[in-house]
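Input: a single structure, listed below in structure tokens.
Counting from 1, the numbers follow the sequence of the chain as shown. Keep in mind it's a predicted model, so treat the numbers as computed, not measured.
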Amino acid sequence: VKSDKFDLNDDDDEDINLELEIPDGEIDEDNEFILFVKAFESGNEENQCDEDSIDIDIEREKDKVVFDELNISPDAISCDRNLRIKAVLNNVGKKDEEVYLQGRILNTNLISKSEIFTLDDFNEDEHEITKELNINVPENIKDGKYILEVGAFFSDKNTIENKEII
């Protein structure tokens, strides 16, 4: 992570806030983590001005289900076609989740919903699953662009992905 440039005069202090993105499913909470920080003068990166490090704790969220993959076929739908949704869901949270998958084409009444299924917590074997949904597109749908909203619903939370379809 890199900060924006800023001016710092002798004997001045400056607080800088940085956001560190931690990918879902990549962290083992039992590991130890250290954040290293280096400061240097712009244009003189080879000569380090100062550095420091601190121990940090990274905790997995209690309830979190994410899409590892989301595939829609076909890309363009025509009258009387079946829209297929294939989703790979991953529970990257700390606890087992009761989940259902739902797909709907916004601004229409076209919707499909799965049965409820269980995803084990991230530390168990069955924390990932592939689910498929179908939405039957009627003959009378108007030509145009639509937004397909696919959601995973769990523990009063949800993860939503949107895809444009024609």
Got a sec, which pairs hit ring-ring contact (aromatic ring centres under 6.0 Å, His included) with one end in residues 56-77, sequence neighbours left out? none

Once rounded to the nearest 0.5 Å, what's the spacing between atom CG of Asn158 and atom CG of Asp63? 12.0 Å

Drop me the distance from Phe36's CZ to Asp52's CG, to the nearest 0.5 angstrom. 10.0 Å

Consider only side-chain heavy atoms of I, L, V, M, F, W and Y, link residues closer than 4.5 Å, and tell whether Phe117 and Ile85 are in one cluster. yes

With Ile147, which of Thr108, Asn107, Leu106 fulfils side chain to side chain contact (heavy atoms under 4.5 Å, CB included)? Leu106

Over all atoms of both residues, closest heavy-atom pair of Lys86 and Thr130: CE-CG2, 3.6 Å

Rounded to the nearest 0.5 Å, what separation is found between the CD1 atom of Ile105 and the CG atom of Leu83? 5.5 Å

Validation row: Ile165, Lys145 side chains within 4.5 angstrom (heavy atoms): no

Could Lys94 and Phe122 be counted as a cation-pi pair, given that NZ or CZ must be under 6.0 Å from the ring centre and within 45° of the axis? no

Going by the side-chain hydrogen bond (donor to acceptor under 3.5 Å, both in side chains) test, name the single residue among Asp120, Asp121, Asn91, Asn90 that passes it with His127. Asn90

Would you call Leu110 and Asn136 a side-chain contact if the rule is heavy atoms closer than 4.5 Å? no

Counting only heavy atoms not in Asn31 (residues, nucleotides, ligands), do more than 12 fall under 6.0 Å from its CG? yes

Leu89 versus Ala152, closest heavy-atom pair with distance: CD2-CB, 3.9 Å

With a 4.5 Å cut-off on side-chain heavy-atom distances among I, L, V, M, F, W and Y, is there a chain of contacts connecting Val37 to Ile34? no

Ile111 and Gln102 have their tightest heavy-atom pair at CD1-CD, 3.6 Å

Hey, does the side chain of Ser53 reach the backbone of Leu35 with a donor-acceptor pair shorter than 3.5 angstrom? no

Should side-chain heavy atoms under 4.5 Å link Ile, Leu, Val, Met, Phe, Trp and Tyr, which residues sit in the same cluster as Ile160? Tyr100, Ile116, Phe153

Distance check, rounded to the nearest 0.5 Å: Arg84 atom CZ versus Ser73 atom OG? 4.0 Å

If every non-hydrogen atom of Gly103 is compared with every non-hydrogen atom of Ile135, which pair is closest and at what distance? O-CD1, 3.6 Å

Within the distance-only criterion (no hydrogens, no angle test), does the side chain of Arg60 pair as donor or acceptor with the backbone N or O of Val92 below 3.5 angstrom? yes

Exercise: identify the closest heavy-atom pair between Leu101 and Ala87: CD2-CB, 3.9 Å

Are any non-hydrogen side-chain atoms of Asp15 and Asn17 less than 4.5 angstrom apart? no

When you look at CD of Glu32, are more than 12 heavy atoms from neighbouring residues, nucleotides or ligands closer to it than 6.0 Å? no

Thr118 side chain to Glu98 main-chain N or O, any donor-acceptor pair under 3.5 Å? no

Kindly indicate, with the supporting measurements, whether the criterion side-chain contact (heavy atoms from CB on, under 4.5 Å) is fulfilled by Thr159 and Phe154. CA-CA 9 Å; Thr159 300; Phe154 56 97; 3.7 Å; yes

Does Lys157 offer a backbone N or O that forms a donor-acceptor pair with the side chain of Ser155 under 3.5 Å? no

Given the rule in the salt bridge (Lys or Arg N to Asp or Glu O under 4.0 Å) test, do Glu149 and Arg104 qualify, once you have shown the distances and angles that lead to the verdict? CA-CA 5 Å; Glu149 179 185 86; Arg104 68 183 183 126; 2.9 Å; yes

Are any of the side-chain nitrogens in Glu97 or Lys95 under 4.0 Å away from the carboxylate oxygens of its partner? yes

